[in-house]
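Remarks on the structure that follows.
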Amino acid sequence: MQFIITDKIKQLEIEDIKENLFHYSYDSKSLKALVKNNTSKEDLSYISAYSSFKGEIYENIVYELLLKYALTQDEITRFVLKGPYQDKENLYIKSGLLIDRSSQIVYKSAYKDISEFDALFFTKDSVYFVEMSTSKKTSSLNKRLTKKYALLKMIFPTLIIKALIVVTVGSTGLKNFPQYATIWITKDLEDEELIEKIIFAKKVKNDVQTLKAPKHSKYIEALKVKYTKFQYFPTLEWILNKSRENPKFTVDLKFFSSPKLGLFFDIYTKLYIGYINTSEFLVLYPEFELKIKSDRIIVTIEKVNQTQLDIVYYAKETNGKLKRVRLEENNISIKDKELDGFTNAEVRFFMKILEDKHHLTVENIYHILNNISLIK
């Protein structure tokens with residue numbers, strides 16, 4: 001079913017929820033500093049910080065309105081509390097669906113966020129994840145949906161996954177959203193006085209509940225949601241070993257063609273298939289000059305864009321830096337990966353578990369490159 005936007009949400013009517021907005025966590029440091037330094041409102045740094053802050057307020061307004069909307073819709077059976085409404089932040093929980101330090105709904109694995117949801121609610125047979133944005137360009141928002149959809153498909157295997165996208169009037173690219181998405185369009189947030197008050201409001205301590213949601217069975221804590229656990233690193237290891245099981249092939253490319261593996265590509269972007277030694281890598285890329293730790297360059301099959309897969313290499317240098325290397329025919333790409341990012345954590349994990357049996361030769365690499373189109 002399609003949920004219909006109300007006039008109240010469309011017009012951002014917030015008189016009865018205005019005070020609640022001051023109870024949410026905001027990242028106002030950079031904006032406060034710019035205001036105190038009398039930075040011009042025409043300055044790009046000010047425009048960027050202000051726009052980001054306004055986006056946070058917009059998200060909280062829509063969440064507040066959705067909180068009330070849920071009570072008017074019989075089809076909505078459960079609505080996940082966040083922000084100042086949940087009992088406590090689940091700071092010390094390592095993995096699962098929970099509330100993080102900034103009071104957002106996230107799915108974590110090994111203390112790292114896999115995905116964040118602006119709101120989450122359920123009907124009898126579906127789960128809806130909500131994304132809100134004040135940006136008029138929606139292409140990056142649209143791209144983010146793929147991973148969220150795939151993750152929810154994994155943790156709610158018996159439910160239909162749907163999205164509710166809430167954007168402002170004048171947003172472009174709305175026809176490009178997937179079929180599972182319902183689009184709501186609201187007016188722009190133009191209450192400058194409110195925005196300014198929130199910027200300089202005294203921070204409400206937000207590590208425990210500061211607002212009480214109306215007592216209703218629909219409202220549910222993130223911790224109380226039942227789902228199938230998705231294990232991030234054990235799943236990556238299972239994929240590696242499963243792809244190497246076929247006695248006829250070093251890497252079984254047909255294994256990567258199942259619908260489930262398609263979801264894994266959407267969640268992880270890259271799946272690990274083994275390693276190659278530095279001397280062998282020099283056959284593929286003679287100009288390679290990095291000093292590599294433990295003589296192993298990790299090999300992945302990566303979803304480099306929405307439709308294309310390619311082999312991408314990850315090289316850990318002796319100085320600890322991690323490089324992503326892609327060898328296209330006329331374009332060699334070498335990029336640094338963030339030290340605290342997921343890729344670095346994955347590579348550390350695989351450096352520990354890769355065995356001799358996971359070694360790939362230059363011939364293996366050429367074979368995979370020549371047949372990568374077998375992966376549907």
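In this structure, Leu322 and Glu338 have side chains that are not in contact, with every pair of non-hydrogen atoms separated by 4.5 Å or more. Looking at heavy atoms from C-beta onward, Ser45 lies in side-chain contact with Leu34 at the 4.5 angstrom threshold. Taking the side chain as every heavy atom from C-beta outward, Glu59 and Gln104 approach each other to under 4.5 Å. Considering only heavy atoms from C-beta on, Glu245 stays 4.5 Å or farther from Asp252 through its side chain. The side-chain heavy atoms of Phe129 and Ile105, taken from C-beta on, include no pair separated by under 4.5 Å. Residues Tyr227 and Leu152 form no side-chain contact, since every pair of their non-hydrogen atoms from C-beta on lies 4.5 Å or further apart. The side-chain heavy atoms of Leu159 and Ser126, taken from C-beta on, include no pair separated by under 4.5 Å. Proximity of Leu236 to Leu240: side-chain heavy atoms (C-beta onward) are nowhere separated by under 4.5 Å.
More than 12 heavy-atom neighbours from other residues, nucleotides or ligands sit within 6.0 angstrom of CD on Gln308. In this structure, Glu13 places its CD atom where more than 12 heavy-atom neighbours from other residues, nucleotides or ligands lie under 6.0 Å away. Within 6.0 Å of NZ in Lys8 there are more than 12 heavy atoms belonging to other residues, nucleotides or ligands. The number of heavy atoms from other shown groups lying within 6.0 Å of CD (Glu193) does not exceed 12. The 12-atom threshold is not exceeded at CD of Glu329, counting heavy atoms of other residues, nucleotides or ligands nearer than 6.0 Å.
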Quiz item: Can Phe249 and Lys254 be said to form a side-chain contact (heavy atoms from CB on, under 4.5 Å), step by step?
Solution: CA-CA 10 Å; Phe249 308 102; Lys254 284 199 172 171; over 6 Å; no
Exercise. Go through the steps for Tyr128 and Phe3 under the test ring pair (Phe, Tyr, Trp, His ring centres under 6.0 Å), then give the verdict.
Key: CA-CA 11 Å; Tyr128 282 77; Phe3 286 102; 5.2 Å; yes
Exercise. Go through the steps to decide whether Ile297 and Phe288 satisfy the test side-chain contact (heavy atoms from CB on, under 4.5 Å), and finish with yes or no.
Key: CA-CA 12 Å; Ile297 292 164; Phe288 187 68; 3.8 Å; yes
Quiz prompt | side-chain contact (heavy atoms from CB on, under 4.5 Å) between Lys153 and Tyr149, worked out | solution = CA-CA 6 Å; Lys153 197 88 188 139; Tyr149 178 92; 4.1 Å; yes
Self-check item: Test side-chain contact (heavy atoms from CB on, under 4.5 Å) applied to Asp336 and Lys323, step by step
Solution: CA-CA 5 Å; Asp336 284 321; Lys323 301 284 188 186; 2.5 Å; yes
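Results of the side-chain contact (heavy atoms from CB on, under 4.5 Å) test with Val106 over Leu98, Ile99, Ile114 single out Leu98 as the only residue that passes. Of the residues Phe233, Tyr232, Phe256, the one that meets the ring-ring contact (aromatic ring centres under 6.0 Å, His included) test with Tyr268 is Tyr232. No option in Phe79, Phe121, Trp184, Tyr63 other than Trp184 meets the ring-ring contact (aromatic ring centres under 6.0 Å, His included) test with Tyr69.
Ring planes of Tyr275 and His359: tilted class, angle from 30 to 60°.
Checked against the 6.0 Å centroid criterion, the rings of Phe349 and Tyr272 do not qualify as a close aromatic pair. Annotation: Tyr85 is not in aromatic contact with Tyr219 [ring centroid separation under 6.0 Å not met]. Aromatic ring centres of Tyr107 and Phe117 lie farther apart than the 6.0 Å criterion allows.
In terms of modelled atom types and a separation under 3.5 Å, the side chain of Asp295 and the main chain of Asn277 share no donor-acceptor contact. Judged by distance alone, with hydrogens and angles left aside, the side-chain atoms of Thr186 form no donor-acceptor pair with the main-chain N or O of Ile9 at under 3.5 Å. The closest donor-acceptor contact from the side chain of Arg244 to the backbone of Thr250 lies under 3.5 Å. Using modelled atom types, no side-chain atom of Ser52 and backbone atom of Ser48 make a donor-acceptor pair closer than 3.5 Å. Within the 3.5 Å criterion, the main-chain N or O of His367 finds a donor-acceptor partner in the side chain of Asn371. A donor-acceptor pair under 3.5 Å links the side-chain atoms of Glu56 to the main chain of Asp27, judged by distance alone. In this structure, the side chain of His23 does not engage the main chain of Asn20 through any donor-acceptor pair within 3.5 Å. Side-chain N or O atoms of Asp118 include one that pairs as donor or acceptor with a backbone N or O of Met132 at under 3.5 Å.
Note: the hydrophobic cluster containing Leu290 does not contain Leu339 (ILVMFWY, side chain heavy atoms under 4.5 Å, direct or indirect links). Hydrophobic clustering (ILVMFWY, side-chain heavy atoms < 4.5 Å, transitive): Phe53 and Ile47 are in distinct clusters. Residues Val169 and Leu174 fall within the same hydrophobic cluster, defined by Ile, Leu, Val, Met, Phe, Trp and Tyr side chains chained together at heavy-atom separations under 4.5 Å. Using a 4.5 Å cut-off between side-chain heavy atoms of Ile, Leu, Val, Met, Phe, Trp and Tyr, with links allowed through other members, Leu282 and Ile311 fall into the same hydrophobic cluster. Side-chain heavy atoms closer than 4.5 Å link hydrophobic residues (I, L, V, M, F, W, Y) into clusters, and following such links, even through other members, never connects Leu374 to Val304.
Here Asp266 does not pair with Lys147 in a salt bridge; the nearest charged N to carboxylate O distance is not below 4.0 Å. By the 4.0 Å N-to-carboxylate-O rule, Glu302 lies close enough to Arg324 to be salt-bridged with it. A salt bridge does not link Lys68 to Glu64: none of the charged nitrogens lies less than 4.0 Å from a carboxylate oxygen.
The nearest pair of heavy atoms linking Ile17 to Ile61 is CD1-O, 4.0 Å. Looking at every heavy atom in both residues, Ile76 comes nearest to Ala70 through CD1-CA, 3.8 Å. In terms of heavy-atom proximity, Ala201 sits nearest to Phe22 at CB-CD2, 3.7 Å. Shortest non-hydrogen contact noted between Lys242 and Phe255 is CG-CE1, 3.2 Å. Across every non-hydrogen atom of Lys335 and Ser333, the tightest pair is CE-OG, 3.8 Å. For Ser95 against Lys229, the heavy-atom pair with the smallest separation is O-NZ, 3.6 Å.
Judged purely by distance below 3.5 Å, without hydrogens or angles, the side chains of Asn364 and Thr361 pair a donor atom with an acceptor atom. In this model, no donor atom of one side chain and acceptor atom of the other lie less than 3.5 Å apart for Lys136 and Thr172. For the residue pair Lys316 / Asn344, a side-chain donor-acceptor distance below 3.5 Å is found, with atom types taken as modelled.
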